[in-house]
Amino acid sequence: MKWEIAIKNATVSYRENIALKNISLNIKQGSFVAVVGPNGAGKTTLLTLINGLGRLQSGTIDIFGMRVNKKNINRIRKDIGYVPQHILIDPRMPISVYDVVMLGRCGRIGLFRNPGKDDHNIIDEVCEHVGITHLKNKPIGHLSGGEQQKVSLARALAQRPKILLLDEPTANLDPRAQNEIIDLIECIYKKESLTIIFVTHVLGQLPKVCSDAVLLKNGRIITSGSIHMVFTKELLSEVYDFAVEPPCMKMVG
C-alpha cells in the first residue's frame, strides 16, 4: 500500500527537549485520523513534523511518496493546509476577512504576484462553503471566536490542500460554536476528499467521520489504528493515567 504520510523512526527535538521519540506512523490517503493524548504528549509537534517545520533529529518522513528534505519541503507544503488553535493574525490589524482568506492563496500565487480571477473565485467558493460570505468585508478583529475559526478553515481550504491539519480547532469555543465547527469539518471531509489529521485532548469533540486514531503520551505513540480498536478503556486509561471510558458516539468509516 502507498501511504500518503509515512513516518519512520522519527525523533524531533526543541533545543534540549525531545518532543517526539522514535515514532513511526503510516497514514493512508483519504483517512480521518484523530491524534489524542494529554497536554504535552507531542500532538502539536506531530503536526509540525508533517508540515515540514519540525526539527528532525533522526528518522525519515515521506509525504505524497516524496522524502521530505530542504529541497522539496516548500513544494510539499503547498498541498498541506494547517488550522491552528487560534488565528495567527493580530486582531487589531485593519485587515478584512476576505484578505485573511486570500492569504491561503499566497503559496500558489507567489509573493510578488497579484491574485487573478481564478483566485478570487476560489475565495468566494470557500467562504460560501464555510458560511462566512456575509462576513467577507468585516475586520477580522470584530469576529467571535467561532467565526474566526471558520475563517481559519477557509484560509486553509483556499490552498486547495490534499492534507488538512487541525490543531484543537474547537479549543476555547463555547458549546454552540464547537458543534458548528465539528459539523463544518464533517462537511468539508465529505465534500473535499481530504486526508484530515485532527488533534484533540477532548474525546467528545471528535467528528463522527473519524476513522482512525493515534494515542500519544510523553512524545511516544502508544498505539494507532482503527478508532474502534484504539478507543478502549484500557488504552485510553493508560494514556491519561486514570480510568477513561471510550466516548459514546457512533463512529463511521
Side-chain angles (χ1 to χ4, degrees), residues 1-14 17-69 72-73 76-77 79-85 156 161-169 185 189 193-203 205-207 209-232 234-240 244 246-247 251 253:
M1 177 183 292
K2 291 184 178 180
W3 304 104
E4 187 150 58
I5 301 170
I7 301 170
K8 185 176 181 180
N9 301 328
T11 295
V12 177
S13 64
Y14 292 112
N17 297 319
I18 304 297
L20 292 175
K21 305 170 185 177
N22 195 37
I23 69 164
S24 295
L25 178 66
N26 294 323
I27 297 175
K28 62 184 178 182
Q29 194 278 329
S31 56
F32 193 120
V33 182
V35 179
V36 175
N39 291 331
K43 303 186 298 297
T44 296
T45 303
L46 177 59
L47 295 190
T48 302
L49 175 63
I50 294 169
N51 208 21
L53 297 174
R55 183 182 176 185
L56 193 61
Q57 191 175 55
S58 61
T60 61
I61 176 169
D62 294 340
I63 300 179
F64 311 126
M66 295 180 284
R67 179 63 46 86
V68 175
N69 54 47
N72 63 19
I73 186 55
I76 291 172
R77 287 185 66 199
D79 289 319
I80 301 175
Y82 174 68
V83 177
Q85 291 185 32
K162 297 177 182 176
I163 296 172
L164 184 60
L165 307 178
L166 305 174
D167 190 359
E168 306 223 30
I185 290 169
Y189 178 68
S193 300
L194 300 172
T195 301
I196 293 183
I197 303 176
F198 185 110
V199 160
T200 187
H201 65 276
V202 183
L203 299 178
Q205 292 180 1
L206 284 174
V209 292
C210 185
S211 57
D212 299 279
V214 178
L215 296 187
L216 274 172
K217 181 180 181 181
N218 297 328
R220 298 185 184 276
I221 293 178
I222 301 301
T223 190
S224 64
S226 163
I227 198 165
H228 304 287
M229 297 178 62
V230 171
F231 277 13
T232 67
E234 291 74 19
L235 289 171
L236 292 173
S237 299
E238 177 185 350
V239 167
Y240 286 97
V244 178
M251 300 291 183

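Worth knowing before you read on, the calculation uses all heavy atoms, side chains too, and leaves out hydrogens, waters and symmetry mates.
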What verdict does the side chain to side chain contact (heavy atoms under 4.5 Å, CB included) test give for Ile63 and Ile80, after you've listed the backbone C-alpha separation in whole Å, the side-chain angles of each residue and the deciding distance to 0.1 Å? CA-CA 10 Å; Ile63 300 179; Ile80 301 175; 4.1 Å; yes
Measure across Ala156 and Val83 and return the closest heavy-atom pair with its distance rounded to 0.1 Å. CB-CG2, 3.8 Å
Check against side chain to side chain contact (heavy atoms under 4.5 Å, CB included), Lys8 and Thr60: CA-CA 5 Å; Lys8 185 176 181 180; Thr60 61; 3.7 Å; yes
Is a donor on one side and an acceptor on the other found under 3.5 Å between the side chain of Arg220 and the backbone of Asn22? no
Quick one: closest heavy-atom pair of Lys21 and Ile18, and the distance? CG-CG2, 3.4 Å
Per the side-chain contact (heavy atoms from CB on, under 4.5 Å) rule, which among Ile197, Leu166, Asp212 passes with Val35? Ile197
Sort out for me which residue in Ile196, Ile185, Thr195 forms a side-chain contact (heavy atoms from CB on, under 4.5 Å) with Leu164. Ile196
Check whether Lys43 reaches the backbone of Pro38 with its side chain - one donor and one acceptor, N or O, closer than 3.5 Å. yes
May I ask you to decide if Arg67's main-chain N or O and Asn72's side chain share a donor-acceptor pair within less than 3.5 Å? yes
Of Ile50, Val68, Asp62, which is the lone residue that meets side-chain contact (heavy atoms from CB on, under 4.5 Å) with Ile76? Val68
Between Pro161 and Leu194, the two heavy atoms sitting closest are O-CD2, 2.8 Å
Does CE belonging to Met66 count more than 12 external heavy atoms closer than 6.0 Å? yes
Using modelled atom types and a 3.5 Å cut-off, is there a donor and acceptor pairing between side-chain atoms of Thr200 and backbone atoms of Val202? yes
Correct closest heavy-atom pair for Val239 and Lys217 would be O-CD, 3.6 Å
Against Leu49, only a single residue in Ile5, Ile7, Leu25 fulfils side-chain contact (heavy atoms from CB on, under 4.5 Å); can you say which? Ile7
